[in-house]
Amino acid sequence: MRKLFSSLLLTVGMSFAHFLVVKPDSDIVRKPVIKVESEFTHPAEGYPAMHYQIERSGVFVNGRIYPIKWQKSYIPAEPGSDLKVEKYTATVRLHGPGVYQIFVEQKPYFEPTEEQFIQQIAKVYVSAFGWEEGWRKPIGLPIEIIPLTRPFGLWEGNTFVGQVLKNGKPVPYARVEIEYYNSKGVKYPNELLYTQVVKTDQNGVFIYTVPWSGWWGFAAITHSGEIKNPSDGKEYPLELDAVVWIYAYPKPQGVK
Ligand SMILES: [Cu+2]
C-alpha cells in the first residue's frame with residue numbers, strides 16, 4: 001500500500017514539472033543564422049515530451065519583434081513510445097550585432113491530471129557578434145522573467161537572479177521551478193532532485209546558483225483566472241508560467 005502510494009505520488013509529482021523549452025544552438029554567436037528548437041517536456045528526466053501548439057512566437061531585438069517560421073516534426077514522447085508529439089525547429093536570421101530575445105507562447109492546453117489549463121511563455125537570449133546591451137529590456141509578454149544577471153556567457157557555479165513580471169508588475173512569493181536540460185541521460189539519486197524550487201521575494205525576485213554546466217530552465221508558476229473547457233463547458237483555472245533558459249559554460253581547463 002505504501003509502495004503504491006509513493007509510486008502514485010511520484011507519478012503525480014512528475015507530471016508537475018513540465019517546461020516549455022526554447023533553445024538555440026548557442027547563446028553566443030558570430031554568425032548570421034542560428035538554429036532554434038522548441039518542445040514541451042520534462043527536462044531533468046529527459047521525457048516524456050508532450051503535445052504542444054505554438055500560439056505566438058518571435059525574435060525581439062532593438063524594440064522590434066520579427067516573426068519565426070517554425071518547422072513542425074513529430075518525436076516519440078519517450079524512447080520507444082508509439083505516442084508522437086510535436087517538436088519545432090527554425091532557422092533564425094540575425095540582423096547584425098545585438099542581444100536577441102527568442103520567445104514562444106504555448107497555446108493553453110487542458111491538463112486532466114491537474115484539472116487546469118496550462119500556458120507557458122518561454123524565452124532565451126542570444127548575444128550576436130559580441131553585443132551585450134539590451135538584455136534588461138522586457139519584451140512585454142503577459143508574463144515574463146526579467147534577468148538581473150546577464151543571461152548569456154555564464155559559468156557553472158554562477159548565481160542567476162531574475163524578476164518575475166506579470167502584466168509589467170512584479171509577482172511576489174511565486175514558486176520558481178528549476179531544471180537541468182538532461183540530454184545526457186544523467187541519473188538522479190532521488191526524484192526530489194529533478195526539480196529545484198525557490199520562491200520570489202516581495203519584489204518578485206528569485207535567486208539560484210547553477211551547480212553544473214548545461215542548459216537550465218526557470219519556470220515561474222502563477223495562476224491567472226479561468227478558461228472554459230469546450231469539452232465539458234466548465235471553467236477551469238489557468239496556470240500561467242514564465243520560463244527562461246540560460247546556458248552555463250563548464251569551468252575552463254586548469255581551474256577548480
Ligand atoms: Cu508534463
Side-chain angles (χ1 to χ4, degrees), residues 5-23 37-57 70 72-89 103-124 141-143 145 164 174-188 190-198 208 214-227 229-232 236-246:
F5 187 57
S6 68
S7 74
L8 199 74
L9 268 184
L10 175 63
T11 317
V12 171
M14 275 166 71
S15 74
F16 266 86
H18 357 247
F19 280 68
L20 184 59
V21 179
V22 56
K23 214 161 58 63
E37 56 178 53
S38 183
E39 60 183 323
F40 187 47
T41 191
H42 302 93
E45 290 140 278
Y47 54 82
M50 292 160 288
H51 282 299
Y52 122 74
Q53 310 302 326
I54 295 175
E55 183 155 274
R56 194 169 84 104
S57 67
W70 295 99
K72 195 200 285 193
S73 59
Y74 286 87
I75 54 165
E78 50 192 289
S81 170
D82 288 337
L83 174 65
K84 302 282 189 286
V85 300
E86 297 81 2
K87 178 175 181 164
Y88 301 87
T89 52
F103 70 92
V104 180
E105 293 185 24
Q106 172 186 40
K107 190 168 183 229
Y109 79 101
F110 187 65
E111 176 65 61
T113 60
E114 299 174 27
E115 294 227 319
Q116 63 175 355
F117 282 91
I118 295 182
Q119 181 182 28
Q120 295 202 329
I121 301 178
K123 67 177 178 178
V124 68
L141 302 170
I143 186 158
I145 293 172
V164 183
R175 176 184 169 94
V176 180
E177 298 179 345
I178 301 142
E179 285 196 16
Y180 167 62
Y181 187 85
N182 187 1
S183 53
K184 292 183 177 161
V186 170
K187 295 273 179 284
Y188 289 72
N190 183 307
E191 68 268 16
L192 281 181
L193 291 166
Y194 287 134
T195 311
Q196 298 294 313
V197 179
V198 298
Y208 181 72
W215 283 100
W216 287 80
F218 296 75
I221 313 298
T222 77
H223 299 280
S224 202
E226 300 203 316
I227 310 189
N229 188 349
S231 70
D232 64 4
Y236 290 91
L238 170 66
E239 180 188 303
L240 180 64
D241 307 334
V243 180
V244 68
W245 286 90
I246 58 166

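Counting convention: from 1, in listed order, for ligands and their atoms alike.
- A side-chain N or O of T113 and one of E111 form a donor-acceptor pair less than 3.5 Å apart.
- Remark: the Q53 side chain and the E86 side chain contain an N/O donor-acceptor pair separated by less than 3.5 Å.
- Scanning for side chain to side chain contact (heavy atoms under 4.5 Å, CB included) contacts around K187 gives an empty result, with sequence neighbours left out.
- Of all the N, O or S atoms in H42, the one closest to the Cu ion (ligand 1) is NE2.
- Under 2.8 Å from the Cu ion (ligand 1) lies no N/O/S atom of T41, from backbone or side chain alike.
- Listed by chain and number, the residues in a salt bridge (Lys or Arg N to Asp or Glu O under 4.0 Å) with E37 are K23, K87 (sequence neighbours excluded).
- Looking at H18, its N, O or S atom nearest to the Cu ion (ligand 1) turns out to be ND1.
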